[in-house]
Novice: 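Take a look at the following structure, please.
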Amino acid sequence: MREASSEPDEGDVREAGRLSANAVDCLPDGALAVKLAKARREGRPLRVKLGIDPTAPDIHLGHAVVLRKLRAFQDGGHKVVLIVGDYTARVGDPSGRSTLRPMLSGEQIEKNAATFQEQALKILDEDGERLEVRRNSEWLDMEMAQLLELARTTTAAQLLERDDFAKRWEAEQPISMLELMYPLLQGYDSVAVEADVELGGTDQKFNLLLGRDIQRAYGQPEQAIMTLPILAGTDGKQKMSKSLGNQIGIVEEPHEVYGKLMSVPDELIGDYSRLLLDREVDPTLSPRDAKRALAKDVVAWLDSPAASSHGEAYFDRVFVERSAPEHLEEARFSAGDGTVHLPALLAEVFGMSRSEARRTIDQGGVALEDDALRAGEHDVAADRLDGAVIRVGKRRFRRLRAR
RNA sequence: GGCGGGGUUCCCGAGCGGUCAAAGGGGACGCGCUGUAAACGCGUUGGCUCUGCCUUCGCAGGUUCGAAUCCUGCCCCCGCCA
């Protein structure tokens, strides 16, 4: 559907340029400016869609990249439509995956959906004028006839063009019907909420574009799409994701966030800075100092400057000086006959097995008051433990107290 | 419906009657080095009352002095042809 009546003026073009900073793709060319112009003429905000499937319980910095962009739209006066994909989470988006994804239980999805929504508000403006939160079960739990109507909008060839489907097809790997349906469902979300613009990671490009086709099939104006870079996880290699264990959650303890950011490979500092803080790295800083500045400012953004300072102090103390943090959790032990079997105590306190505890001790990984225990030193006098700080590895600490 | 290939310890993947708690890689963990990291080196990676014992190789039986390895049944996954 042409929108020729909405010629963008200079301001629209500038605004579109500003909004598409950091974007990898903003398609079709010029479409965003046209959308802006149209909305301006009609005196309404743009409806900017993001769908997130609550397949894991927490939002991490990878999600934050897109959420920040949404926030930029909000700050520009537009309305974000956040779709919690409680229905699509049951299907499992195959994007970037080479294997099938397990289906989640309704209960688990419900739980995740609640925390997702709550955590997203840490970044988004929750003003009702600027935010609409929807669940896609509202419209996807549809009649068979409606589903078939949706299915008519797209051909198998179209779907198989998608990169990961194409690869799997080529490699004779399974592609389930459920997965094939996924892009259609996501596209239908756009129809249901009448999206003007949809955002997503670059891995979503196909789905976002297909949304346009589906909107057209339903007689709606086609959304503009914007893709943002995928943030690499703390391993520096793979996309940040909970299941790969390389994520930094936005509601983690400030010192955890700080520490995890510091452990990110240097090569990522630039990306992180640009995508999470919208700024380039100060070239006069050494990688170490640049990373410190990054860590500090990200924590300040997510929490507060005070939390950030504490996170930094904690980090310096524990990792730079290698001493125990100021505030330690306590662990109680019973003195028994005056000797304590450490593997049992460590197993209980740190959730490891006794064998693992023994090995760690034997490898010099357990220290009492900064003195590493010697190999075989498994039984220790209770009075030596009472009040002492025990450290396992670099970062696990407890203050011991006799019970 | 027919034919064929598979299910091994966190993951991938060897093993194909004893020498197997099971090669190799990845990941993770510990130590060293260091900038906090990366890279690199060394070590560990089922459990336990630990020079030994117990439990693992889809599930259940069976053969055998002895099975992850052989047999039978069952469950599940994948591909091809139709």
Side-chain angles (χ1 to χ4, degrees), chain A residues 94 97-103 167-179 232-248 254-273 281 284-299 308 311-323 325 336-337 339-368 370-379 390-397:
Chain A
R97 297 212 158 219
S98 50
T99 49
L100 291 165
R101 208 170 208 177
M103 303 231 304
K167 280 187 184 136
R168 284 157 68 182
W169 183 262
E170 195 52 42
E172 299 189 335
Q173 302 232 310
I175 301 170
S176 78
M177 286 303 297
L178 209 55
E179 293 178 278
T234 52
D235 59 3
K237 291 178 195 130
Q238 292 184 276
K239 137 183 194 179
M240 186 176 285
S241 98
K242 174 94 176 180
S243 54
L244 294 171
N246 62 0
Q247 91 291 2
I248 304 177
H255 73 259
E256 276 295 316
V257 175
Y258 190 98
K260 283 188 177 184
L261 283 166
M262 287 305 285
S263 78
V264 156
D266 289 358
E267 302 79 66
L268 260 49
I269 299 173
D271 283 348
Y272 271 53
S273 184
V281 174
T284 64
L285 294 178
S286 67
R288 182 185 57 122
D289 292 337
K291 212 191 281 184
R292 290 190 70 112
L294 168 74
K296 190 161 187 180
D297 292 345
V298 168
V299 177
S308 179
E312 185 174 48
Y314 181 96
F315 181 81
D316 282 339
R317 212 180 145 90
V318 175
F319 293 98
V320 179
E321 294 166 32
R322 291 285 217 111
S323 51
D337 59 1
T339 306
V340 173
H341 188 57
L342 238 30
L345 180 62
L346 292 176
E348 186 191 326
V349 174
F350 295 103
M352 54 208 311
S353 72
R354 293 182 182 200
S355 297
E356 191 183 355
R358 265 182 225 108
R359 282 184 233 120
T360 310
I361 293 171
D362 293 345
Q363 289 180 111
V366 177
L368 262 185
D370 276 340
D371 287 323
L373 294 169
R374 291 180 319 269
E377 203 169 1
H378 297 170
D379 296 292
I390 192 161
R391 173 169 59 81
V392 176
K394 287 191 179 92
R395 46 182 310 166
R396 284 174 287 181
F397 300 92

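Being a predicted model, the structure only gives us computed values, none of them experimental. Order of the sequence lines sets the chain letters (A, B, ...), proteins ahead of strands, with each chain counted from 1.
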Novice: Roughly how many Å apart are rG47(B) and rG66(B), using the P atom of each and rounding to a whole number?
Specialist: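 Per the computed distance, 29 Å lies between those P atoms.
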
Novice: Quick check on RNA chain B: between Arg391(A) and Phe315(A), whose nearest nucleotide comes earlier from the 5' end?
Specialist: Arg391(A)

Novice: Please state how far atom CE in Met352(A) lies from atom P in rC48(B), giving the value in whole angstrom units.
Specialist: 11 Å

Novice: Could you identify the nucleotide paired to rG35(B), looking across every strand shown and requiring Watson-Crick or G-U wobble geometry with both distances under 3.5 Å?
Specialist: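 With both distances under 3.5 Å required, rG35(B) matches none.
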
Novice: By nearest atom, which of the nucleotides rU36(B), rG47(B), rG32(B) is closest to the Lys291(A) side chain?
Specialist: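 Shortest atom-to-atom distance from the side chain points to rU36(B).
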
Novice: Applying side-chain contact (heavy atoms from CB on, under 4.5 Å) to Met262(A) and Phe315(A), what does each step give before you reach the verdict?
Specialist: CA-CA 9 Å; Met262(A) 287 305 285; Phe315(A) 181 81; 3.6 Å; yes

Novice: Between the main-chain N or O of Gln247(A) and the side-chain N or O of Lys260(A), is there a donor-acceptor pair closer than 3.5 Å?
Specialist: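 Yes; at least one donor-acceptor contact below 3.5 Å.
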
Novice: Taking only the P atom of each, what is the distance from rG24(B) to rC33(B) in whole angstrom?
Specialist: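 It comes out at 28 Å once rounded to the nearest Å.
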
Novice: At 4.0 Å (heavy atoms only), tell me whether Val264(A) reaches a base, stays on the sugar-phosphate, or touches nothing.
Specialist: sugar-phosphate

Novice: Is Tyr272(A) reaching over with its side chain to a backbone N or O of Ala232(A), donor-acceptor style, under 3.5 angstrom?
Specialist: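 Checked: pair present.
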
Novice: Mind calculating the distance between CG (Leu261(A)) and P (rG35(B)) to the nearest angstrom?
Specialist: 21 Å

Novice: What is the pairing partner of rA67(B), taking Watson-Crick or G-U wobble pairs with both distances under 3.5 Å in any strand?
Specialist: none

Novice: Suppose we define a pair by two distances each less than 3.5 Å, Watson-Crick or G-U wobble; what does rC20(B) pair with here?
Specialist: none

Novice: Measure from the side-chain N and O atoms of Asn246(A) to the backbone N and O of Lys239(A), and report whether any donor-acceptor pair falls under 3.5 Å.
Specialist: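 Confirmed, Asn246(A) side chain pairs with Lys239(A) backbone.
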
Novice: Between rG41(B) and rC53(B), how far apart are the two C1' atoms, rounded to whole Å?
Specialist: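 Taking atom C1' in both rG41(B) and rC53(B), they lie 36 Å apart.
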
Novice: Can you tell me how far P in rU69(B) sits from the matching atom in rC16(B), rounded to whole Å?
Specialist: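 That atom pair is separated by 12 Å.
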
Novice: When the C1' atoms of rU45(B) and rA21(B) are considered, how many whole Å apart are they?
Specialist: 12 Å

Novice: Paired with rU45(B) by Watson-Crick or G-U wobble geometry, both distances under 3.5 Å: which nucleotide is it?
Specialist: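 Partner of rU45(B): rG27(B).
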
Novice: For rU72(B), which nucleotide is its Watson-Crick or G-U wobble mate, given both distances must be under 3.5 Å?
Specialist: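 WC or wobble partner is rA60(B).
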
Novice: Both Val392(A) and Arg292(A) contact RNA chain B. Taking the nearest nucleotide for each, which residue is further toward the 5' end?
Specialist: Val392(A)

Novice: Give the nucleotide from the list rU36(B), rC48(B), rG35(B) with an atom nearest to the side chain of Ser355(A).
Specialist: rC48(B)

Novice: Should rG79(B) form a Watson-Crick or G-U wobble pair with both distances under 3.5 Å, which nucleotide is its partner?
Specialist: rC3(B)

Novice: Would Glu256(A) and Arg395(A) satisfy side-chain contact (heavy atoms from CB on, under 4.5 Å), going step by step from the backbone distance to the final call?
Specialist: CA-CA 11 Å; Glu256(A) 276 295 316; Arg395(A) 46 182 310 166; 2.9 Å; yes

Novice: Please report the distance separating the P of rG30(B) from the corresponding atom of rA37(B), rounded so that it comes out in whole Å.
Specialist: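 That atom pair is separated by 11 Å.
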
Novice: Nearest-Å distance, CZ (Arg288(A)) to P (rA38(B))?
Specialist: 16 Å

Novice: Tell me: CG of Asp379(A) to P of rU49(B), nearest whole Å?
Specialist: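 Atom CG in Asp379(A) sits about 11 Å away from atom P in rU49(B).
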
Novice: Whole-Å distance between rG35(B) P and Ile269(A) CD1?
Specialist: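 Between P of rG35(B) and CD1 of Ile269(A): 15 Å.
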
Novice: Give a yes or no on whether the backbone of Lys296(A) and the side-chain of Ser308(A) come within a donor-acceptor separation of less than 3.5 Å.
Specialist: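 Yes, the answer is positive, given that a donor and an acceptor are paired below the 3.5 Å cut-off.
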
Novice: If the P atom of rG43(B) is compared with that of rC10(B), how far apart are they to the nearest Å?
Specialist: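 Between the two P atoms, the distance is 24 Å.
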
Novice: For the side chain of Asp266(A), counting heavy atoms from C-beta on, which of rU36(B), rU44(B), rA37(B) is nearest?
Specialist: rA37(B)

Novice: Please report, rounded to the nearest Å, how far the C1' atom of rC29(B) is from the CD1 atom of Ile361(A).
Specialist: 14 Å

Novice: Figure out the CG/C1' separation between Asp371(A) and rC31(B), and round it to whole Å.
Specialist: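 Whole-Å distance recorded here is 16 Å.
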
Novice: If the cut-off is 4.0 Å, is Ser353(A) near the phosphate of rC48(B), judged by side-chain N/O to OP1 or OP2?
Specialist: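 Yes.
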
Novice: Starting at atom NZ of Lys394(A), determine the distance to atom P of rA28(B), rounded to an integer number of angstrom.
Specialist: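 Going from NZ in Lys394(A) over to P in rA28(B) covers 13 Å.
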
Novice: Using modelled atom types and a 3.5 Å cut-off, is there a donor and acceptor pairing between side-chain atoms of Arg292(A) and backbone atoms of Leu294(A)?
Specialist: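 It does not hold such a pair.
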
Novice: Please determine whether a side-chain nitrogen or oxygen atom of Arg354(A) lies at a distance below 4.0 Å from atom OP1 or OP2 of rU49(B).
Specialist: yes

Novice: Which value, in whole Å, describes the distance between the P atoms of nucleotides rU8(B) and rC57(B)?
Specialist: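 These two P atoms come out 11 Å apart once rounded.
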
Novice: What's the closest nucleotide to the side chain of Arg359(A) if the choices are rU45(B), rC48(B), rG35(B)?
Specialist: rU45(B)

